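Just so we're clear, the structure is a prediction, and the values are computed from it rather than from any experiment. In this chain, numbering begins with 1 at the start of the sequence shown.
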Amino acid sequence: MKKLLSLCPIADAGAKKEISAFYEITELPKCTEEELYALAGTFEALIVPYTADMLVSERVIDKAENLEIIASAYGGTRQNIADIYAIRKGISVLHTGASRERPMAEYTLGLVLCSFLRIANYHHDMCAGEWPRFKYPRTRILKDRKVAVVGYGRIGKAIAGLFRTFTENISVVSNHLTPEEAARDGVKKVSLNTAFAESEVIILAGGNTPATYHMVGAEQFALMQKDALFVNIARGQMVDEAAMTAAALEKPIFLALDVFETEPLPEDSLLRNRENILVTPHRANNSIEFEERWKCLSADLVKLAQGEVPDSVLTEARAGVMSES
């Protein structure tokens, strides 16, 4: 039986039982890169939790000569795993991105509906003692609106699928989507500028990489229609925040933001306390359903043990476009 080292407790008893049928499990409450380096070579599979610092470094991978599988229990891999280096050495790198799809899609829907229907504005005013029944113009519903999703990985696809309940007018901005795939999924592939110029809702859902740094800026915000809504549930670094803020203060557009260039959002940020801007504190993936990650992880570890290749195994190309956790 292959040895699996988990650098955190496996929180789901059912998932742990499934894994233990194929792997001899050792659990650690926590581990540093130096401690992991000392253990390298004693296990074939590794489960990695979220850590702020690099944990599975290149030197750990080089020493772990028996290592076959690195599985992220958090979702992404870029934050603390030398993922591309591992893939190039023939190691299977797993992520639990499937557990994020529906929670993040529903949160995105919540941001859009709250913005369109002014729910957050009404709540804020009511808590301040107002009766704002006639304070704002008539609101909008999502039905039949033109929606664009920027980034079409797991989360982008989940958002497009959920929003199709409300509208068939869905466009996608993606460097990887083929015309055949777009036709199959019932979406229209467009350029970034076209998405901003033609859509009433633009949702940023792609990966944060050096290539996507400030991919959305003054040029795109200048193209937005009156009352259009820009939503960011991806990463703040993908947007020129100064340009976005200036646009929202100067023209009649709406923003719904869960991520920012600087987090926590500074107290004096001009993005706070604006009627046309909805802000939340990087919580799009905070639902209890995220804990389904353990079931995703156990199912994929079992598949690998049985000689199958689950969809969560990263290729170098897929790893290269993923955000940090």
Side-chain angles (χ1 to χ4, degrees), residues 1-27 36 39-50 55-56 60-62 64-105 152-158 161 176-178 180-181 184-185 207 285 289-323 325:
M1 185 175 287
K2 294 180 179 180
K3 295 182 178 180
L4 182 149
L5 176 64
S6 180
L7 305 181
C8 62
I10 299 174
D12 186 298
K16 184 175 180 179
K17 183 178 180 181
E18 288 184 358
I19 295 170
S20 66
F22 295 88
Y23 301 88
E24 179 185 325
I25 301 173
T26 300
E27 293 173 284
L36 182 59
L39 293 168
T42 64
F43 49 85
E44 286 81 28
L46 186 62
I47 293 178
V48 184
Y50 171 83
L55 189 56
V56 189
V60 167
I61 292 168
D62 285 339
E65 56 186 19
N66 300 321
L67 186 57
E68 300 174 1
I69 303 167
I70 304 172
S72 169
Y74 189 75
T77 59
R78 183 59 37 75
Q79 181 79 16
N80 58 5
I81 300 170
D83 49 6
I84 292 178
Y85 186 77
I87 292 166
R88 288 174 177 172
K89 295 199 73 170
I91 297 170
S92 295
V93 179
L94 298 172
H95 69 98
T96 52
S99 65
R100 294 184 172 201
E101 296 170 12
R102 185 71 185 198
M104 294 196 71
Y152 202 58
R154 283 180 175 270
I155 293 169
K157 289 180 181 177
H176 312 287
L177 182 67
T178 66
E180 293 76 19
E181 291 169 336
R184 178 200 65 200
D185 293 352
N285 196 38
E289 284 76 15
F290 175 56
E291 293 308 315
E292 294 294 312
R293 62 195 171 119
W294 290 110
K295 291 182 174 60
C296 294
L297 198 60
S298 64
D300 289 346
L301 284 169
V302 169
K303 286 181 180 178
L304 282 170
Q306 295 175 330
E308 301 177 45
V309 180
D311 181 62
S312 65
V313 171
L314 291 176
T315 62
E316 186 175 335
R318 287 175 66 190
V321 298
M322 291 178 68
S323 299
S325 298

Can you measure from NZ (Lys16) to CG (Leu4) and round to the nearest 0.5 angstrom?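 Answer for the NZ-CG pair, Lys16 versus Leu4, is 11.0 Å.
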Can you tell me how far OG1 of Thr315 sits from CD1 of Ile84, rounded to the nearest 0.5 angstrom?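 Reported to 0.5 Å precision, the distance equals 9.5 Å.
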Any sub-3.5 Å donor-acceptor pair from [X]'s side-chain atoms to [Y]'s backbone N or O?
X	Y	result
Arg100	Tyr74	yes
Tyr85	Ile61	no
Glu44	Lys3	yes
Glu316	Ile87	no

Short N-O contact, Glu291 and Arg293, less than 4.0 angstrom: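 Yes, this pair counts.
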Report the residues that fulfil side chain to side chain donor-acceptor pair (under 3.5 Å) with Tyr152, sequence neighbours left out, ordered by chain and then residue number.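 Testing Tyr152 for side chain to side chain donor-acceptor pair (under 3.5 Å), a comparison that skips the adjacent residues, returns Asp185.
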Taking only residues two or more places apart in sequence or in another chain, which ones pass side chain to side chain donor-acceptor pair (under 3.5 Å) with Asn66?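 Partners of Asn66 under the side chain to side chain donor-acceptor pair (under 3.5 Å) test: none.
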Can you name the nearest heavy-atom pair linking Ala98 to Cys296, along with the distance?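 That closest heavy-atom pairing would be CB-SG, 4.1 Å.
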I'd like to check the salt bridge (Lys or Arg N to Asp or Glu O under 4.0 Å) partners of [X]; sequence neighbours left out, ordered by chain and number.
X	result
Arg318	none
Glu68	Lys2
Glu292	none
Lys17	none

Side-chain heavy-atom pair [X], [Y] within 4.5 angstrom cut-off:
X	Y	answer
Asp83	Met322	no
Ile10	Leu297	no
Ser72	Ile81	yes

